[in-house]
Structure formats: C-alpha cells, structure tokens
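Following: one structure in structure tokens, then a few remarks.
All values below were derived from every heavy atom in this structure, side-chain atoms included, with hydrogens, water molecules and symmetry-related copies excluded. Just so we're on the same page: letters track the sequence lines, and every chain starts at 1.
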Protein chains: 2
Amino acid sequence: MKKEKIEIAVHCNEHIRGVKDTMSLLDGKWKTLIISHLFYIGKMRFMDLKRQVEGIASKTLSKELKDLEMNRLIIRTQNNTMPVSVEYELTEFGRSLHKIIDTMGEWGIQYREQIIIKS
Amino acid sequence: MKKEKIEIAVHCNEHIRGVKDTMSLLDGKWKTLIISHLFYIGKMRFMDLKRQVEGIASKTLSKELKDLEMNRLIIRTQNNTMPVSVEYELTEFGRSLHKIIDTMGEWGIQYREQIIIKS
DNA sequence: CCATTTGGTTACCCACAGGTAACTGGTTTC
DNA sequence: GAAACCAGTTACCTGTGGGTAACCAAATGG
C-alpha cells in the first residue's frame with residue numbers, strides 16, 4: 001500500500017501556495033536586500049545602489065534589477081542628461097511588499113543576539 | 001575624489017541589517033517552505049515532510065533540516081521504536097517566525113493574479 | 001516471500017548563480 | 001592630461017546548490 005501525502009486543510013494549502021508565490025519573486029541572495037534599500041532609502045541611481053548593497057557586483061546588480069523590473073516590482077527611469085543618469089524606484093506593487101520587509105527587519109532586530117550569524 | 005556611500009539614517013541601517021540577518025537563516029530555495037509546512041501543519045515525520053514539500057529530494061531535505069536545527073529553529077526528536085520514528089517540530093524560536101511566514105502567505109494570496117509565476 | 005516503509009547516507013554529476021576583471025565612451029574633476 | 005565617474009556589458013571561471021539513484025537494516029503488509 002503506497003503511502004499518500006496527508007491531506008491538509010484548504011486554507012493551509014492556500015497560505016503555503018502564497019508563501020511559494022511570494023518567494024518566487026524574491027528568490028536569490030540579493031532581491032530582498034535590494035528592495036529593502038529602495039524601500040528604506042528611496043529612489044536611487046545604479047552606482048548609489050551598488051555602493052549601498054555591500055558586496056554586490058555590477059553584473060549581478062544589473063541582472064537582479066532586470067528581474068525585478070520584469071516582475072514589475074521596480075521601474076527604471078532614464079534621464080537623457082549627459083552622461084545619462086538612471087534611477088530605480090519601487091512601483092506601487094513593489095511598495096506593497098513593505099509589510100514583509102518590515103516584518104523581516106523587525107524580527108531580525110528583535111532576535112539579533114539569538115541568531116547565529118554566518119559571515 | 002572618490003565617491004563615498006551615501007550616509008543614511010541609523011534606523012534604516014538597523015532595519016536593513018535586520019533583514020540581512022533574518023535572511024541568513026532562511027536562505028536557499030527550501031527553508032522558508034519547510035518552516036511554513038511545520039507552521040501550518042505542525043510536527044511531522046521525515047517522510048511526511050518529504051511528501052508535503054513537493055519536489056524536494058531526501059538528501060536536500062536532510063541537509064536543510066540539519067541547517068534549521070543548527071540554527072535552533074526546529075528540533076529533532078527520535079523515538080526509539082522499531083523502526084525508529086523521527087519527528088521535527090518548530091522550537092519557540094522557530095515559531096516566532098510566524099509573523100514573517102504569515103505576512104508572506106497573505107501577500108502571495110492577495111497579489112496572486114499580479115504575480116508572474118515562473119514554473 | 002516479495003514489496004514497501006523508515007530515516008536517512010553516499011556517490012556521481014551538472015547547471016547556473018554569482019564572483020573577478022577588463023572595457024566602453026562621453027563628461028567632469030583634480 | 002590623468003583619473004574618476006556613470007551605467008552597465010562581456011568574457012571567463014569557480015563553487016555549490018541541488019538533482020538522480022543506489023543502498024542500508026529491521027519491520028510490516030499483502
């Protein structure tokens with residue numbers, strides 16, 4: 001007799017699917033951090049963002065920003081000055097993540113001394 | 001003149017550090033999902049967990065559980081029955097993540113139709 | 001008696017995330 | 001006139017996350 005997956009309550013499945021979907025937008029090492037910076041600091045230029053998000057390479061930042069833009073979490077604005085300046089900011093959709101970011105931030109602060117930090 | 005990182009408000013830095021620390025516990029593809037299952041369903045055995053977390057390999061589950069245990073988010077209990085049964089459950093520390101998980105779940109449900117799901 | 005279950009471990013392997021470094025081309029600063 | 005800046009792009013390379021599959025030993029199910 002093959003063991004089947006235990007059936008669980010519908011609302012649990014919905015929540016779990018919710019978590020999965022949310023994570024599909026925030027996967028990888030950097031996205032949540034980039035969004036956090038845009039959320040706490042606001043609109044930023046490429047190089048400023050790079051300086052804020054410590055340790056990120058241009059290539060990686062560029063790629064992550066494209067992903068985030070594709071998911072409509074941020075928008076890129078190019079000012080045709082010389083030299084061009086480019087600014088990134090959260091869309092309204094992106095800003096709707098603030099509750100998640102905030103909760104994570106608060107939790108991190110509250111439990112800092114209990115977290116074993118691997119650096 | 002070398003450009004320096006823009007100075008930002010202290011509480012912003014604290015929050016950002018909080019986000020970073022939080023993520024250091026939840027990194028990778030699976031941890032958040034495993035915790036979600038333990039949170040919504042409760043204490044589970046290894047194979048049940050494997051059946052719930054769709055697509056995860058034994059090896060990966062085993063490794064992720066060890067990581068989570070090391071960070072004291074879950075505890076492993078081995079009952080010396082024959083054959084051994086092993087149960088995993090969230091610690092109080094692990095349960096303290098519920099606000100984060102819940103927020104992510106809610107957000108995922110609310111914005112489901114706006115999320116471009118890569119599957 | 002054969003298959004399946006439990007809770008993993010081990011070996012093998014590969015794709016890809018992500019790091020390093022160099023380069024662009026016009027512009028301002030020292 | 002040398003150097004740094006901006007917003008990336010390209011080439012190259014490495015680590016590792018994570019997948020597949022086989023295996024264990026005792027016990028239960030059909």
CA sep, side-chain torsions, deciding dist, call: B:D21, A:R112, side-chain contact (heavy atoms from CB on, under 4.5 Å):
CA-CA 7 Å; B:D21 292 347; A:R112 174 145 241 264; 2.8 Å; yes
Expressed as a whole number of angstroms, how long is the span from [X]:[atom1] to [N]:[atom2]?
X	N	atom1	atom2	value
B:L49	C:dG8	CG	P	11 Å
A:L65	C:dA17	CG	P	16 Å
A:D67	D:dG8	CG	P	14 Å
B:N79	D:dA26	CG	P	20 Å
A:D48	D:dC6	CG	P	7 Å
B:D27	C:dG18	CG	C1'	14 Å
A:L61	D:dT9	CG	P	11 Å
B:K50	D:dA21	NZ	P	11 Å

Between [options], which nucleotide has the shortest distance from any of its atoms to the side chain of [X]?
X	options	answer
A:E64	C:dG18, C:dG7, D:dC6	C:dG18
A:R51	D:dA7, D:dC6, D:dG19	D:dC6
A:K63	C:dA17, C:dG7, D:dG17	C:dA17
B:T60	C:dG8, D:dG18, C:dG19	D:dG18
A:S62	D:dT9, D:dA7, C:dT6	D:dT9
B:K66	C:dT9, C:dG19, D:dA7	C:dT9

Which part of the nucleic acid, if any, lies within contact of A:S58, taking any heavy atom under 4.0 Å across all strands shown: a base, the sugar-phosphate backbone alone, or nothing?
base
Heavy atoms under 4.0 Å, any strand shown: does A:K29 hit a base, just sugar-phosphate, or nothing?
sugar-phosphate
Is there a donor-acceptor contact under 3.5 Å from the side chain of A:T60 to the main chain of A:I56?
no
Is it true that the side chains of A:D48 and A:Y88 contain a donor and an acceptor less than 3.5 Å apart?
no
Does B:D27 pair with A:K29 as a salt bridge, N-O distance under 4.0 Å?
no
Counting only heavy atoms not in B:E92, do more than 12 fall under 6.0 Å of its CD?
no
OP1 or OP2 of D:dA7 versus the side-chain N and O atoms of A:R76: is any pair under 4.0 Å?
no
A:R45 side chain N/O closer than 4.0 Å to the phosphate oxygens (OP1, OP2) of D:dA7?
yes
Given the structure, check if the side chain of B:K59 and the base of D:dG18 hold any donor-acceptor pair shorter than 3.5 Å.
yes
